[in-house]
> 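Got a structure here, written out as structure tokens. Questions coming.
Heavy-atom basis, side chains included; hydrogens, waters and symmetry copies ignored.
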Amino acid sequence: MSFTAFDYECMASALQLARQGLNTTHPNPRVGCVITHEGRVVGSGWHKKAGGAHAEISALREAADKAVGATVYVTLEPCSHHGRTPPCVEALIEAKIARVICALEDPNPDVNGSGFQCLLQAGIEVQSGLMTAEAEELNSGFLMRMRQRRPWVRIKLAQSVDGHIALANGSSQWISGSEARADVQIWRARSDVILTGIGTLLADDPSLNVRNSEMARQPTRVVVDSRWRTPATARLLSLPGKVLIAGLDENPIPDSLSETSADYLGVTSFEGRVDMSAVFTELGKRGFNEVQVEAGAALCGTLIQQKLVDEVLIYQAPVILGGGARSPFATPRLDNMQDRVHLEWVDSRRIGKDLRLRLKPVYSS
């Protein structure tokens with residue numbers, strides 16, 4: 001199926017609109033829409049937040065009667081079901097749209113091709129597959145939750161040129177520069193969950209919040225703590241936002257901890273530790289799309305071993321920490337090169353004096 005240069009231009013604009021909802025649409029996908037008539041844009045819109053108008057509705061309102069016979073460019077298949085708002089396909093049909101060009105099909109079981117089917121039955125031409133990779137990237141978390149019933153898991157770490165995240169004594173502040181630390185806040189803001197382990201909590205007492213007063217919400221902070229050792233005085237328990245502590249259901253929760261504002265998730269063990277697959281499944285049930293892991297080598301190593309990591313975000317500083325310093329992933333020693341974990345490059349760029357690397361693990365079947 002071929003698309004014109006104008007088609008690409010319009011879909012690129014729709015994707016740019018969708019990005020404006022990067023931090024606000026939870027648990028919904030980020031969607032943008034552009035409407036054109038006779039080669040001219042007559043309406044545009046984006047989904048701002050759950051419960052608000054979808055991108056197609058905002059664009060139709062702007063287009064008004066110019067929508068008759070128009071072409072709609074939308075980054076995700078229009079919905080066909082009643083949720084907090086009526087189906088977008090009904091509005092498109094009522095507006096007498098002539099054609100819909102979409103980036104990708106919505107894997108949500110409530111949609112999953114039915115939106116396209118409704119449009120086709122109404123005599124509206126439908127084309128899909130324009131700039132699909134860009135649309136997938138924009139909604140990696142939502143799509144993962146729809147397809148595999150768990151969030152997209154991203155590990156964030158700062159490391160030295162020689163591949164270490166801390167000195168032998170655990171000191172790690174600060175490996176990366178101020179610009180990199182500011183960039184981390186952007187990635188936190190788009191996440192639904194910031195997750196750490198009890199080791200990091202006890203060693204650093206982190207806040208794990210977004211340091212931006214304009215944020216409408218704070219990500220939920222999750223602590224993986226098999227024996228419920230989180231101190232009631234932990235800093236993150238005193239800050240705005242929700243805290244969830246995930247531990248082994250076989251271990252009792254101390255009274256001092258149960259009296260805090262935190263929620264608790266008891267799960268079964270996997271090889272003596274918290275079953276992280278079960279944790280992510282539960283986070284998916286709660287509507288969380290993206291999880292950013294900011295933890296130590298033990299938890300990060302476990303996630304890599306269990307093939308639960310979808311992306312690794314590394315801030316590499318131009319420093320050397322030397323012998324005995326700590327590595328980012330505590331995994332078993334490999335004696336065979338065939339067992340190494342492969343990653344593919346997504347992006348690399350300078351952030352201040354540091355280099356930000358984005359990679360995706362490539363797991364063997």
> Is there side-chain contact between Tyr264 and Leu244, with heavy atoms separated by less than 4.5 Å?
no
> Answer whether the closest heavy-atom distance between the side chains of Ile35 and Leu60 falls below 4.5 Å.
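Yes, side chains in contact.
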> Can we say Glu282 and Arg150 salt-bridge, meaning some charged N sits less than 4.0 Å from an Asp/Glu carboxylate O?
no
> At their closest point, which heavy atom of Ile304 faces which heavy atom of Pro361, and how far apart are they?
CD1-CG, 4.4 Å
> I'd like to check Leu303 versus Phe280 (side-chain heavy atoms, cut-off strictly below 4.5 Å). Are they in contact?
yes
> Phe142 and Val111: same hydrophobic cluster, using ILVMFWY side-chain contacts below 4.5 Å?
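In one cluster with Phe142: Val111, no.
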> Is there side-chain contact between Gln117 and Val126, with heavy atoms separated by less than 4.5 Å?
no
> Would a hydrophobic clustering, with Ile, Leu, Val, Met, Phe, Trp and Tyr connected at side-chain separations under 4.5 Å, put Leu208 with Phe288?
no
> Counting only heavy atoms not in Arg273, do more than 12 sit closer than 6.0 Å to its CZ atom?
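No, because the 6.0 Å sphere around CZ of Arg273 holds 12 heavy atoms or fewer from other groups.
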> Could you state the interatomic distance from OG1 (Thr75) to CD1 (Ile101), rounded to the nearest 0.5 Å?
13.5 Å
> Dump the intermediate steps for salt bridge (charged side-chain N to carboxylate O under 4.0 Å, His left out) on Glu290 and Arg30, then the final yes or no.
CA-CA 13 Å; Glu290 292 187 24; Arg30 301 137 180 164; 2.9 Å; yes
> Does a salt bridge link Glu311 with Lys156, judged by any charged N lying under 4.0 Å from a carboxylate O?
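No, this pair does not count.
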> Does atom CZ of Arg227 have more than 12 heavy-atom neighbours, drawn from other residues, nucleotides or ligands, at distances under 6.0 Å?
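Atom CZ in Arg227 is not packed in, count stays at 12 or less.
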> Pairing donors with acceptors under 3.5 angstrom, does anything connect the side chains of Asp7 and Thr4?
yes
> Please name all residues satisfying salt bridge (Lys or Arg N to Asp or Glu O under 4.0 Å) with Glu136, sequence neighbours left out, ordered by chain then number.
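Counting only residues at least two positions away or on another chain, Glu136 forms a salt bridge (Lys or Arg N to Asp or Glu O under 4.0 Å) with Arg147.
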> Does atom NZ of Lys48 have more than 12 heavy-atom neighbours from other groups under 6.0 Å away?
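Yes, because the 6.0 Å sphere around NZ of Lys48 holds more than 12 heavy atoms from other groups.
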> Do Met144 and Pro151 have side chains that approach each other closer than 4.5 Å (heavy atoms only, starting at C-beta)?
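No, too far: nothing below the 4.5 Å cut-off.
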> Taking all atoms of both residues into account, what is the closest heavy-atom pair of Leu201 and Pro231, and its distance?
CD2-CD, 3.8 Å
> Scan side-chain atoms only and decide if Asn289 and His26 contain a donor-acceptor pair under the 3.5 Å cut-off.
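Checked: Asn289/His26 side chains show no N/O donor-acceptor pair below 3.5 Å.
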> Can you tell me how far apart CD1 (Ile314) and CD1 (Ile155) are? Round to the nearest 0.5 Å.
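Output value for this atom pair is 9.5 Å.
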> Just verifying a value: how many Å separate Ser44 OG and Arg61 CZ, rounded to the nearest 0.5 Å?
13.5 Å
> Start with the C-alpha distance between Arg356 and Asp347, add both sets of side-chain angles, then the distance that settles salt bridge (charged side-chain N to carboxylate O under 4.0 Å, His left out), and finish with yes or no.
CA-CA 8 Å; Arg356 189 188 74 191; Asp347 177 60; 3.4 Å; yes
> Can you find a pair of side-chain heavy atoms, one from Pro254 and one from Arg229, that are under 4.5 Å apart?
no
> Go through the side-chain N and O atoms of Gln292 and Arg188 and say whether any donor and acceptor fall under 3.5 Å apart.
no
> Could you grab the distance from atom CZ of Arg145 to atom CG of Asp192, nearest 0.5 Å is fine?
8.0 Å
> Does Arg340 have any salt bridge (Lys or Arg N to Asp or Glu O under 4.0 Å) partners at least two apart in sequence or in another chain, and if so, which?
none
> Closest approach of Phe6 and Arg40, non-hydrogen atoms and distance?
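Answer, listing the atom of Phe6 first, then Arg40: CZ-N, 4.4 Å.
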> In terms of hydrophobic clusters joined by side-chain contacts under 4.5 Å, are Trp152 and Leu138 together?
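No, it is not one cluster - the side chains of Trp152 and Leu138 are not joined through contacts under 4.5 Å.
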> Which atom pair, heavy atoms only, marks the closest approach of Val72 to Cys33?
CG1-SG, 3.6 Å
> Let me check something: do Val362 and Phe329 share a hydrophobic cluster, defined by ILVMFWY side-chain heavy atoms less than 4.5 Å apart, either directly or through other members?
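Different hydrophobic clusters.
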> For a quick check under 3.5 Å, do Ser160 and Asp162 share a side-chain donor-acceptor pair by atom type?
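Present: a donor and an acceptor within the cut-off.
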> Using every non-hydrogen atom in the two residues, find where Pro240 and Arg221 come nearest and quote the distance to one decimal.
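Heavy atoms of Pro240 and Arg221 come nearest at O-NH2, 2.7 Å.
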> Just so I know, are the side chains of Ser348 and Arg358 near enough to count as touching, which here means a heavy-atom distance under 4.5 Å?
no
> Would you say that more than 12 heavy atoms from the other residues, nucleotides or ligands in this model lie under 6.0 Å from the NZ of Lys353, or not?
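Counting other residues, nucleotides and ligands, NZ of Lys353 exceeds 12 neighbours.
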> Just checking Gln185: does its CD atom have more than 12 heavy atoms from other residues, nucleotides or ligands closer to it than 6.0 angstrom?
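More than 12 within 6.0 Å, yes.
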> With a 4.0 Å cut-off, would you call Glu137 and Lys360 a salt bridge?
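Lys360 and Glu137: salt-bridged.
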> Same cluster or not: are Val267 and Leu257 linked, directly or through other Ile, Leu, Val, Met, Phe, Trp or Tyr residues, by side-chain heavy atoms under 4.5 angstrom apart?
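Not linked; separate clusters.
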> Check Cys300 against Val293 and note the closest heavy-atom contact, atom names and distance.
SG-CG1, 4.3 Å
> Hey, does the Lys NZ or Arg CZ of Arg181 hover above the aromatic six-ring of Trp174, less than 6.0 Å from the centre and inside 45° of the axis?
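Yes.
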> Indicate whether the side chain of Asp225 and that of Thr230 have a donor and an acceptor atom separated by less than 3.5 Å.
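The criterion, which ignores hydrogens and geometry beyond distance, is satisfied for Thr230 and Asp225.
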> So His164 and Ile175, do their side chains get closer than 4.5 Å, heavy atoms only?
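No; the side chains remain at least 4.5 Å from each other.
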> Between OG of Ser258 and CH2 of Trp228, what distance do you get to the nearest 0.5 Å?
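Taking OG in Ser258 and CH2 in Trp228, the distance rounds to 10.5 Å.
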